[in-house]
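To keep things clear, I will list the structure first and then write my remarks on it.
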Amino acid sequence: MVGSAAPVLLLAVTLPLVGSPGARASQPGQSQAGGESGQQLDQESEAGESVLVSVYVQLDFSNETWPAALSRTQTFPTASPTSSPRSLLGLSLTTDCNVNHDGCTYCACLSGYQWNTSVYSHHHPCQTPHDHQPCGCLVFSPTEAGYCQLLPPVPQTRSLSSRTPGNKPNLILLMSHETTNLNWFLWRPRTPRPYPLQPGMHVSLTSSQGQAVLSIFNISHKWAGEYMRCFEAQGLRWELYQVARVSLQVTDVAQLPDQLSIACATSPGFQLSCCIPSTRAAYTASWSPREGSEGSQCQHRPAADTVYACDLWSPGGTPHRGLISGTIIQGGNTTCPEDFSLVAWNVTKAGHVAQVPCPMNKTDMVKRPCGPDGVWGPIHSSCIDPRLQALLHKAWWLQVGQGRPAEEVPEILAQLPEQVVVLSSPADLLAVLGTMRSLAKVVAEARIHLNRSALESFLNTTDKVLDMDNSSLWTLAQAQQPSMGSNLLLAVETLARSLCQEDHPFSFSLPSVQMQTELLGPTFPSDYSVSFSTQSQLQAQILGHSLAPLGHNRTNISITSLVLQKLDHLLPSNYGQGLGGSLYATPGLILVISIMAGGQAFNQGEVIMNFGDIDGTSHCVFWDHNLFQGKGGWSDEGCQVQEASASPTTQCICQHLTAFSILMSRHRVPKNPTLDLLGQVGLGASILALLVCLGVYRLVWRVVVRNRVAYLRHAALLNTVLCLLAADTCFLGAALLPPGPRSPLCLATAFLSHFLYLATFFWMLAQSLMLAHQLLFVFHQLSKHRVLSLMVVLGYLCPMGLAVIALGLYLPQGQYLGEEECWLDRKGVGLYTFVGPVLTIVGVNGLVLAMAVLKLLRPSLSEGPQVEKRQALLGVIKALLILTPIFGLTWGLGLATLLEEVSIVPHYIFTVLNTFQGVFILLFGCLVDKKVQEALLKRFCRSQAPSSTLSLVPDETYIPEHSKGRGENGSSPVATPTLSRQE
C-alpha cells in the first residue's frame with residue numbers, strides 16, 4: 001500500500017540489449033538516493049540479452065488502492081531488432097514505501113532486493129520492522145527517496161548453518177569476505193515480529209575471521225523459530241535464514257491437576273488437562289487408561305486408585321508422558337470437607353493436596369494441603385496478575401538476550417508504577433521485584449542510559465513498594481525468596497546511577513525515596529557534600545583527594561546520592577565477620593552513594609557520613625552483596641565510627657562507595673562509670689578474699705579433711721576457689737589490654753576467662769551433685785578416688801571442651817571476641833556458649849538447694865515444738881547463706897540484664913553479688929565452718945574447748961541433731977540423712 005500523501009513506487013525495468021556482440025551494459029551510474037554508483041550487473045552480455053535497470057518512478061493512487069496487477073512482474077512485447085530505441089520488456093516492484101504520521105517515509109525492500117550499503121549507512125532503520133523484515137526497512141525524510149537493488153545469487157561461501165552439541169545449540173554463519181553491521185534476529189512462532197538478539201544471560205555472540213557464531217545456552221522450546229542474520233558485504237545488505245527446531249522437554253508438559261481426590265458419592269465426574277506450549281511442531285495427545293475418556297477429558301469414576309498417563313508425540317520428536325494420580329475416597333476415609341475460603345475446595349482425602357485455578361483475573365494455581373487429621377492447612381497461592389506477568393516475561397526476555405533494551409527498558413519502567421497498585425499476593429510482589437532486578441541487569445550489561453522520565457517512574461515504583469501497608473505480603477514473599485530485599489537494593493543501586501548526562505542535575509523526593517545527582521566537569525570543587533531531610537539531618541561528604549584521580553582524564557563525573565527509607569528492615573539479618581549475631585537494630589534508612597566516570601562505576605573513595613544522634617553502641621556498615629553465598633550481609637570492612645567533634649552525632653568514615661547504614665546494639669549495657677568502678681572494686685576484693693581462703697586451707701587442711709565426705713567437699717570447694725581466683729584475675733587484667741579481634745593477647749585472655757569461669761561453675765555443680773547424693777542415697781558410701789576422678793573430669797575437661805568448641809566455631813565467623821573488651825562478643829552467639837551452661841548449672845544447683853531446704857523443714861515444722869521450729873528455720877537460713885554463693889545461684893540474675901530496655905537496678909545488683917562472690921565464699925564457705933574455726937583457734941591460740949556442736953556445711957545435710965528422731969517424747973523416729981558429728 002502506498003500512502004496518499006507521497007505515494008512512491010520504485011520499479012525495476014528490464015530492457016533488451018541491442019548492438020554488436022560483446023556490448024557492455026550496467027546500471028545507471030548515479031542512484032536516486034545517495035548519489036553512489038550502483039552495482040554493475042552482467043559485465044559481458046551477449047547481443048540480444050536483457051539487463052535490469054533501476055529507475056525511480058512515482059505513481060499517485062488517489063483512492064489509496066494498490067493495483068494488484070502491479071505486484072506482478074509486467075512483461076511487454078519485444079521491439080523490433082531494427083528499431084533504435086530500446087524497448088521495455090518487464091517491470092517489477094523493488095521497494096515499498098509508506099508515509100508515517102510524522103511525515104517521514106518508511107521504505108522496505110521486497111524479496112530479492114536490498115539496500116546499497118551507502119544508503120543504509122545514512123538512514124536509520126525502522127523501529128517497527130515492515131512486513132517482518134528487520135534488515136530491509138529504512139526511514140527517509142519527506143524530501144528524500146531511495147530504492148533497493150537486486151541481490152546477486154548468494155555465494156556458496158556465504159551460508160548459515162546450525163548444530164546442536166548436547167543442550168547447547170550453535171548457529172554458525174560462514175563467509176569468505178569481510179562483513180560489517182552484523183545483526184541477529186529470531187522470529188518465534190506466533191509472534192508478531194522478529195526480535196533482535198543481544199548478548200545476554202542465554203545468548204553469546206562471537207566473531208572471528210571467516211565466521212560469526214551465535215550460541216544459545218540452556219536451550220528450550222522458547223528458542224525455536226526462524227533465525228535471521230543481517231550483514232553488509234560487497235556493497236549490499238544481506239539476509240540469511242535458518243529454521244531451528246527444539247523438542248519439548250518433560251518440564252514443558254503441565255498436568256492439571258497433578259493429583260486428584262475423587263469422592264464417588266458426590267462427584268459426577270472430573271476433568272484432566274494436559275497442556276503444552278505453542279510450537280511449530282504438531283503434537284498428538286492420548287490418554288491411558290482410555291475408558292470413558294475423550295481428548296483431555298475423563299468422564300468416568302474409577303473403582304480404585306488410578307494413575308492417568310498423558311502421552312505426547314510429534315513426527316521425528318521425542319515422546320513425553322505426564323502422570324496424574326487419581327485417589328478414590330472410600331467410606332471411612334478421613335477427608336477434609338468442602339470449604340469456600342478464597343475459592344471453592346472440594347472434598348479431599350487426608351494427606352493429599354487440593355488444587356484449583358486462581359480466582360478472578362489471576363493466572364496459575366492455588367494449592368491447599370489436607371492434613372492427616374482431616375483439617376485443612378494454609379492456602380498456598382501462586383496467583384499472579386496477567387499484566388505483571390507480562391512485564392516480568394518481557395524483562396526476562398531482555399535479560400536473556402532477546403529484544404531492544406534501549407527502547408523497551410523505558411517502556412517497562414513507565415508501566416510499573418500503575419501496576420504496583422494492583423499488588424494483592426506474594427507472587428505479584430515477587431513479579432514486580434523480579435522485573436526490576438532483570439531491568440537492572442540489562443541496563444548494567446548493555447550500558448543503557450535512562451532519561452529523566454524513566455528514572456522517575458522507577459523511583460516512584462520503588463517508593464510504592466517500600467511504603468506498602470500490607471506487610472504480610474513482604475513476610476510471605478520473603479519466605480519464598482529470602483534475598484528479595486538484597487536484590488531490590490542492588491537493582492536500585494544499578495538503575496539510580498544510569499541517568500544520562502543531559503538530565504543532570506536531578507532531584508527527587510518522596511516519603512521513602514530521596515535522590516540527588518550532580519554532574520561535575522573536568523574542573524570540580526575540592527570536596528563534594530550532600531544533605532537529606534530525614535528524621536535526623538543526614539549528611540555525606542566525599543573528600544577532594546578521592547575525586548582528584550578522576551579529573552586526570554578530563555571527563556565529566558556524575559555523583560548519585562540516594563536515601564532509601566524502610567528498606568533496611570526488609571534485608572535479611574546477615575552479619576559478616578566482626579559483627580556477631582543478629583542482635584542489632586538499624587535507623588530505618590540506607591544511604592547509597594555512587595560515582596560514574598567515563599561510563600564506569602568508581603567504587604573507591606573516602607566518604608564521611610553523619611547519621612545524626614544515634615543512641616547506644618553503633619557500627620558503620622555497608623551492604624555487601626557477595627557475603628553468604630550471594631545472599632548479602634552487613635559488613636564493617638573499610639568503615640569506622642568517629643565521634644563528631646562539634647556535636648553529639650555519629651560519623652562514619654568509609655574507604656569505598658556503596659550502600660551504607662548504622663547498626664545499633666539492641667542489648668546494650670548502659671555506659672556507667674560508677675558501675676564499672678564497682679565491678680573493678682568487687683573483683684579486687686574477691687581476689688584478695690580468695691587468696692585469704694587459700695591461706696586458711698593451707699593452715700587447716702589436715703584438720704578439716706579427716707573423713708571421706710569432708711575431703712570430697714573441701715576438695716571441690718578448693719578447686720572452685722582456684723578457678724574463680726584465676727578467672728577474676730584474667731578478667732580484671734583484660735581491661736588493661738588493647739581490645740580488638742586482631743589482638744592475640746586479647747584473644748588468649750578471653751579464652752582463658754571463658755574456660756576458667758566455666759570450670760568454676762562445673763566445680764559448683766560437682767558440689768551440688770555430691771550433696772544431692774547424700775540427700776537421696778543416705779546409706780550409700782562414696783568411693784573417694786572414684787568420685788574425685790569424676791569431679792576432675794566434670795570440673796576441667798567439660799569446660800575445656802566447651803571453650804575449645806566455641807573458639808573453633810565462632811572465631812572464623814568473627815562472632816567470638818568482642819570489639820570493646822577482651823571477652824566474648826556480647827552481640828553474637830558466642831556469648832551464649834557461656835550463658836547457656838551457666839544458667840543450666842544454676843538451675844540444677846537451685847533444685848538441689850530446694851531439696852536440702854525441704855529436708856530441713858519437713859520433720860521439725862510438722863512435729864517439733866516451737867523452739868525446735870525456730871532452730872530449724874535458723875538452720876535453713878544458714879544453709880541458704882552458705883550454699884547460695886557456693887552454688888553460684890546469684891548468677892541467675894543475669895537473665896534480667898539480658899532483657900531489652902531493662903533498668904540500671906538489675907545491673908547494680910548483679911555486679912555487687914557476683915563480683916564480690918569470692919568474699920562470700922570466704923565468709924560462708926570457709927570461715928563459717930566450725931571445723932575451720934576450731935582448727936584456726938587451735939593453731940593460733942594453742943587451746944581448744946571440747947565441742948559437740950554440729951557444722952552447717954555441705955558435707956552434712958544441715959539437719960539439727962534433734963530432728964533425727966523423737967524417741968524421748970514418744971514420737972516415732974523419722975528416717976533422715978545421718979549427720980557427721982564433730983570429732
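Computed from heavy atoms alone, side chains included, the values below leave out hydrogens, waters and symmetry copies. We number each residue from 1, following the sequence as shown.
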Flag the pair Phe834 / Trp823 as yes when their ring centroid distance falls below 6.0 Å, and as no otherwise.
yes
Does Phe622 have any ring-ring contact (aromatic ring centres under 6.0 Å, His included) partners at least two apart in sequence or in another chain, and if so, which?
His656
For Val700 and Ala935, which heavy atoms make the closest approach, and how far apart are they?
CG1-CB, 3.4 Å
Over all atoms of both residues, closest heavy-atom pair of Leu683 and Phe731
CD1-CD2, 3.7 Å
Check whether Ser768 reaches the backbone of Leu765 with its side chain - one donor and one acceptor, N or O, closer than 3.5 Å.
yes
Return the set of residues passing side-chain contact (heavy atoms from CB on, under 4.5 Å) with Thr833 (not counting sequence neighbours), or none when no residue passes.
His754, Ala806, Tyr810, Leu824
When you compare the side chain of Cys693 with that of Cys926, does any pair of heavy atoms fall below 4.5 Å?
yes
Rounded distance (nearest 0.5 Å) linking atom CG of Leu678 with atom OG1 of Thr911
6.0 Å
Kindly compute the distance separating CG (Leu758) from SG (Cys798), expressed to the nearest 0.5 Å.
10.5 Å
Check Cys639 against Cys620 for me: are their SG atoms closer than 2.5 Å?
no
Using modelled atom types and a 3.5 Å cut-off, is there a donor and acceptor pairing between side-chain atoms of Asn707 and backbone atoms of Ala710?
yes
Taking the side chain as every heavy atom from C-beta outward, state whether Leu690 and Leu922 have any pair of such atoms under 4.5 Å apart.
no
Applying side-chain hydrogen bond (donor to acceptor under 3.5 Å, both in side chains), which residue pairs with at least one partner in residues 680-703 are found, sequence neighbours left out?
Tyr697-His714
4.5 Å side-chain heavy-atom contact, Phe761 and Val842:
yes
Heavy-atom nearest pair, Leu571 first then Trp634, reads CD1-CZ2, 3.7 Å
Donor-acceptor side-chain pairing of Trp891 and Asn914 below 3.5 angstrom:
yes
Using the six-membered ring wherever Trp is involved, compare the ring planes of Phe924 and Phe920 and label them parallel, tilted or perpendicular (cut-offs 30° and 60°).
tilted
Taking the side chain as C-beta and beyond, is there a heavy-atom pair between Tyr757 and Asp728 under 4.5 Å?
yes
Do Leu923 and Val928 come close enough that some side-chain heavy atom pair is under 4.5 Å?
no
Phe755 and Pro799 have their tightest heavy-atom pair at CD1-C, 3.9 Å
Start with the C-alpha distance between Leu807 and Leu747, add both sets of side-chain angles, then the distance that settles side-chain contact (heavy atoms from CB on, under 4.5 Å), and finish with yes or no.
CA-CA 10 Å; Leu807 181 69; Leu747 176 63; 4.0 Å; yes
Begin from the C-alpha positions of Leu717 and Ile886 and carry the test side-chain contact (heavy atoms from CB on, under 4.5 Å) through to its verdict.
CA-CA 8 Å; Leu717 183 59; Ile886 291 178; 4.3 Å; yes
What distance do Gln774 atom CD and Leu712 atom CG have between them, rounded to the nearest 0.5 Å?
9.0 Å
Checking the side chain of Asp636 only, and the main-chain atoms of Val621 only, is there a donor and an acceptor separated by less than 3.5 Å?
no
Any sub-3.5 Å donor-acceptor pair from Gln640's side-chain atoms to Cys654's backbone N or O?
no
Please name the pair of heavy atoms, one in Thr749 and one in Ala734, separated by the smallest distance, quoted to 0.1 Å.
CG2-CB, 3.6 Å
Looking at every non-hydrogen atom in both residues, tell me the closest pair between Asn574 and Gly632 and how far apart they are.
ND2-O, 2.9 Å
Is there a side-chain contact between Leu718 and Leu694 (heavy atoms, below 4.5 Å)?
yes
Let's go through Val704 and Tyr711 carefully: what are the C-alpha distance in whole Å and the side-chain angles of both, what is the deciding distance for side-chain contact (heavy atoms from CB on, under 4.5 Å) to 0.1 Å, and is it a yes or a no?
CA-CA 8 Å; Val704 299; Tyr711 177 84; over 6 Å; no
Taking it one step at a time, do Asp624 and Lys631 satisfy salt bridge (Lys or Arg N to Asp or Glu O under 4.0 Å)?
CA-CA 9 Å; Asp624 189 345; Lys631 297 178 182 178; over 6 Å; no
Separation of Gln767 CD from Thr720 OG1 (nearest 0.5 Å):
4.0 Å
Between CG of Leu794 and CG of Leu769, what distance do you get to the nearest 0.5 Å?
7.0 Å
I'd like to know if the side chain of Ser661 pairs up with that of Trp623 as donor and acceptor (distance under 3.5 Å, no hydrogens or angles considered).
no
Are Thr915 and Val681 close enough that some pair of their side-chain heavy atoms sits under 4.5 Å apart?
no
Do the side chains of Cys730 and Ser753 get nearer than 4.5 Å, heavy atoms only?
yes
When rounded to the nearest 0.5 Å, the distance separating CG of Leu737 from SG of Cys822 is 5.0 Å
Any donor-acceptor N/O pair, Asn719 side chain to Ala715 backbone, under 3.5 Å:
yes
Apply side-chain contact (heavy atoms from CB on, under 4.5 Å) to Phe762 and Tyr796, showing your working.
CA-CA 8 Å; Phe762 273 94; Tyr796 289 114; over 6 Å; no
Gln480 atom CD: more than 12 heavy-atom contacts under 6.0 Å
yes
